[in-house]
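In what follows, chains are A, B, ... by sequence order, proteins preceding strands, each numbered from 1.
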Amino acid sequence: MKFKKTHDCGCLRISDVGQEVVLSGWVNVRRDHGGLIFVDLRDREGITQVVFNPQIDDAAHIIAHQLRSEYVIAVKGVVQARPLGTVNPNLITGQIEVLVYEVEILNTSKTPPFEIEDKLDASEDLRLRYRYLDLRRPKIQKNLIFRHHLCQKIREFLDRHRFIEIETPFLIKSTPEGARDYLVPSRVNPGRFYALPQSPQLFKQILMIAGFDRYFQIVRCFRDEDLRADRQPEFTQLDIEASFIDEEEIFELVEGLVVYIFREVLKREIQRPFFRLKYKEAMERFGTDKPDTRFGLEIVDVTEIVKESDFQVFKRAIEKGGQVKGIKVSSLEDISKGEIDYLTSLATLYGAKGLAYFKVKEGRCDSPIAKFFDADIQRRILDSLKAEEGDLLLFVADDFRIVSESLGNLRLHLGKRLNLIPDGTFEFLWVIHHPLVEYDEEEERFKAMHHPFTSPLAEDFPSLEKNPLEVRARAYDLILNGVEIGGGSIRIHQEEIQKQIFGLLGISPREAEEKFGFLLEAFTYGAPPHGGIALGLDRLLRIMLNLDSIREVIAFPKTQSATCLMTGAPFEATQQQLKELNIRLDLPCNGA
RNA sequence: GGGGCGGUGGUGUAGCUCGGUUUAACACAUCGGCCUGUCACGCCGAAGAUCGCGGGUUCAAAUCCCGUCCGCCCCGCCA
């Protein structure tokens, strides 16, 4: 390099006119006028127009002829105000330009497979294959820089609240329950494996026992499950745990953190305190444990009303212990048959056997099935849903889970379809008091809904033996705009209760000893009461930046089939590697 | 494991439903020429695609059928 850069490409202003500067960056675009040549020079801070004039320096002008997109260059020149009428209001540096008298080509570039600009014109697989080029796009750079600022502010806030960041190991012991683990073979211990952590759960509890009474970590977690737009096999959590703390203090802390980061990084004020909704109420009103409360369309129970109707579908569902619920959609009476069919297919996707509908016309229910409901029942249905002329009513009859899930998802679909969801708003919500356990039909046993270390609610403790499904947990999820961005609980810190829960979950004392013996033992050495929470950083960022996928806030994300298109991971291990690890492959082969 | 959408010059798309007037079209990018105030530069010209891959139907396949691979969205899964 003949000269060192003195400024970034986004910082020069009209007040810098007259200065000699050196800029380095990538050629965004070259505009050759035969005489004058303009180059938009780009670095991560912005774009500055540099001008080559043959009358100023012929040699530089000749070199400028060779410049192509994405060449890396350094230019030395003088900042000048742009001539009248040539100011570009679309650039922050648009009032000035750099008149170049010396240029050095630091590197050439092949023509990139797609243009480096914010307007997306490349498919996602191409972007991932050439991620280093994709990452040059200002929009993606902005996302990652935003992510950096967010982490800075999180650390600042938690440090100020006396939290200590401690790293926990990645090569750990597999724990039962939860997601599928990624395994790493141990070379020095033939036949044995490490698991990559799904979260630092056990270690952060151990740190509480160790006396680090306020811990946090911005940490990678790994889960070997199928991917979604908001699920990657490796993702980042803000993991927090504290001792001598209860739910109220966790809410206080996390709400304070959220208000702080939104104010500092996004310049947005978030209202406190956040709404709180009990799990049961969330399920009943919104059909989900992570309701989007930015719009209405709440679910209404009409079981008691319609059980007296002549509609066999409803009656049978109720007789089998199920229920009938509905939602009201305003002014949709002119909905097409095709769209009703689509809504029905959506409901069946979540297990519903069908979708009943009424259109409200002249104070009555208009529907192929209306004849099964006498005038009094129709009136009571309309009353309970507060239905008015022109409304569309949709009903599902089935067990609680199917009714909730299908109507909950129908509600979400209609909210989007009818533009009921306000843009650019952030609605936080605590969902609390989840059931401690749920019943797993397949395995014929209770499973922890959160994780096996979650404390039951003290007042529900007596039901633990007789009626475990009724026991609520001291758990809480943080929901933002209908997305679960965090969850946690107050933990069990007494060995006896922990053993009792393991018993409930069908984990034998022997198995518990084998899997979590170290934790149970640690509990016997003075474990303080403690609890915590983990926030999904990628999801939080995705929503803060109003993006469709967490892949846009992760520098090197994986595809849906968990591969990296840039590096080709995962790879086929060599025979040598497998031999060292004492691993022999037994792959299913096609027809051989 | 299952359902849906997509794959056509370097890139993004049209063509596919009804097989043949298609010599596969358009835009951007690329290359060459001209151009001293452009910034979506402009003008003139050029090059560039056996239509993801394999098989089948047919006189004839980008187009129809079967299989397969890749990407995306979803169900299951994700304490």
Side-chain angles (χ1 to χ4, degrees), chain A residues 28-41 47-56 61 65 68-70 80 82-91 93-94 97 99 110-117 119-130 133 175-181 198-199 201 221-233 235 342 345-346 348-351 405-406 409 413 434-438 440 442 446-454 473 475 477 484 487-489 501 505 507 534 536 548-549 551 557-563 565 590:
Chain A
N28 203 53
V29 72
R30 182 184 69 125
R31 290 178 295 276
D32 184 348
H33 286 242
L36 286 179
I37 295 175
F38 298 96
V39 165
D40 286 346
L41 195 62
I47 284 176
T48 301
Q49 173 168 283
V50 300
V51 190
F52 297 85
N53 187 332
Q55 286 160 3
I56 300 296
H61 184 258
H65 267 287
R68 295 293 180 271
S69 287
E70 301 309 308
Q80 63 178 21
R82 291 198 187 190
L84 215 62
T86 66
V87 165
N88 184 347
N90 299 321
L91 285 181
T93 60
E97 61 194 6
L99 187 60
K110 292 210 290 188
T111 301
F114 52 86
E115 291 164 67
I116 313 301
E117 58 181 9
K119 185 173 72 70
L120 258 184
D121 71 340
S123 61
E124 189 160 6
D125 51 336
L126 201 70
R127 292 174 53 204
L128 291 177
R129 160 125 170 63
Y130 296 97
L133 298 180
T175 51
E177 313 274 314
R180 195 177 293 110
D181 283 320
Q198 297 174 28
S199 83
Q201 184 60 36
C221 302
F222 306 86
R223 292 178 192 178
D224 186 5
E225 298 290 351
D226 286 355
L227 289 83
R228 289 286 189 282
D230 62 353
R231 268 163 40 189
Q232 283 273 308
F235 61 100
Y342 180 73
S345 72
L346 207 64
T348 54
L349 186 62
Y350 296 94
E405 272 186 40
S406 51
N409 281 289
H413 167 79
H434 301 69
L436 186 70
V437 297
E438 56 194 340
D440 187 317
E442 250 173 60
F446 294 109
K447 274 195 154 172
M449 193 136 169
H450 187 57
H451 60 56
F453 316 106
T454 300
D477 280 352
E484 181 194 328
S489 63
I501 298 294
L505 298 176
I507 301 171
D548 292 325
S549 161
R551 294 188 296 275
K558 303 266 190 296
T559 67
Q560 189 153 48
S561 51
T563 64
L565 293 180
N590 7 341

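For the P atom pair drawn from B:G9 and B:G54, the interatomic distance equals 15 Å after rounding to whole Å. Comparing the P positions of B:C28 and B:A46 gives a spacing of 16 Å, expressed to the nearest Å. Across B:A24 and B:C16, the matching C1' atoms stand 12 Å from one another, rounded to whole Å. Rounded to whole Å, the separation between the P atoms of B:G10 and B:C31 comes to 15 Å. As rounded to the nearest Å, B:C51 and B:A25 have C1' atoms that lie 13 Å from one another. One C1' atom belongs to B:A60, the other to B:C18, and the distance between them is 16 Å to the nearest Å. Distance check on atom C1': B:U50 versus B:U23 gives 14 Å, rounded to whole Å. When the C1' atom is compared between B:A47 and B:G1, the two are found 48 Å apart, to the nearest whole Å.
Checking B:C64 for Watson-Crick or G-U wobble geometry (two distances, each under 3.5 Å) identifies B:G56 as its partner. Taking a pair to require two hydrogen-bonding distances under 3.5 Å in either a Watson-Crick or a G-U wobble arrangement, B:C72 pairs with B:G4. Pair check for B:A46 finds B:U30; Watson-Crick or G-U wobble, both atom distances under 3.5 Å. Partner assigned to B:A25 is B:U13, using Watson-Crick or G-U wobble distances below 3.5 angstrom.
A:Asp40 has its CG atom 11 Å from the C1' atom of B:A40, to the nearest Å. With rounding to whole Å, A:Gln55 atom CD is found 14 Å from B:C35 atom P. In this structure, CZ of A:Arg129 is placed 11 Å from P of B:U11, rounded to the nearest angstrom. Atom CD of A:Glu115 is separated from atom P of B:A40 by 13 Å (rounded to the nearest Å). The nearest whole Å value for the distance from the CZ atom in A:Arg30 to the C1' atom in B:C31 is 11 Å. Between A:Ile47 atom CD1 and B:A40 atom C1' there is a gap of 13 Å when expressed in whole angstrom units. The interatomic distance linking A:His65 (NE2) with B:G32 (P) rounds to 11 Å, in whole Å. In this structure, CG of A:Asp32 is placed 12 Å from C1' of B:G32, rounded to the nearest angstrom.
Going from atom OG1 of A:Thr454 over to atom CD of A:Gln201 covers 7.5 Å, rounded to the nearest 0.5 Å. Interatomic distance, A:Arg228 CZ to A:Gln560 CD, rounded to the nearest 0.5 Å: 7.0 Å.
Of the charged side-chain nitrogens involved, at least one lies within less than 4.0 Å of a carboxylate oxygen, so that A:Asp40 and A:Arg31 count as a salt-bridged pair. Ion pair A:Glu225/A:Arg223 not flagged as a salt bridge, since none of the NZ, NE, NH1 or NH2 atoms sits closer than 4.0 Å to an Asp/Glu carboxylate oxygen.
In terms of polar N and O atoms assigned as donor or acceptor, the side chain of A:Glu97 comes within less than 3.5 Å of the base of B:G37 in a complementary pairing.
Within 4.0 Å of A:Pro83, counting heavy atoms only, lies at least one base atom of the nucleic acid. Across all strands shown, A:Arg68 has heavy atoms under 4.0 Å from sugar-phosphate atoms exclusively, and none from any base. A:Leu126 comes within 4.0 angstrom of the backbone, heavy atoms only, and of no base. No contact: A:Glu117 has no heavy atom under 4.0 Å from any strand. Looking at heavy-atom distances under 4.0 Å, A:Asp224 makes no contact with the nucleic acid at all.
Two residues, A:Arg82 and A:Ala122, neighbour RNA chain B, and the one matched to the more 5' nucleotide by heavy-atom proximity is A:Ala122.
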- Message: salt bridge (Lys or Arg N to Asp or Glu O under 4.0 Å), that's the test. Do A:Lys447 and A:Glu438 meet it? Break it down for me.
- Response: CA-CA 5 Å; A:Lys447 274 195 154 172; A:Glu438 56 194 340; over 6 Å; no
- Passes side chain to side chain contact (heavy atoms under 4.5 Å, CB included), A:Asn88 versus A:Gln49? Steps please. CA-CA 10 Å; A:Asn88 184 347; A:Gln49 173 168 283; over 6 Å; no
- Task: Apply the test side chain to side chain contact (heavy atoms under 4.5 Å, CB included) to residues A:Leu436 and A:Ile501: give CA-CA distance (whole Å), side-chain angles for both, the deciding distance (0.1 Å), then the verdict.
- Result: CA-CA 10 Å; A:Leu436 186 70; A:Ile501 298 294; 3.7 Å; yes
- Could you run down nucleotides 70-79 of chain B 5' to 3' and tag each one B, S or - for protein heavy-atom contact under 4.0 Å? -SBBSBBBBB
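Contact check for A:Thr559 versus A:Leu565: side-chain heavy atoms found under the 4.5 Å cut-off. Looking at A:Val29 and A:Glu115, their side chains never come closer than 4.5 Å, going by heavy atoms from C-beta outward.
Side chain of A:His33, nearest nucleotide from B:C39, B:C28, B:C41: B:C41.
Under the stacking definition used here (centres under 5.5 Å, planes under 30°), the residue A:Phe38 qualifies as stacked on the base of B:U38.
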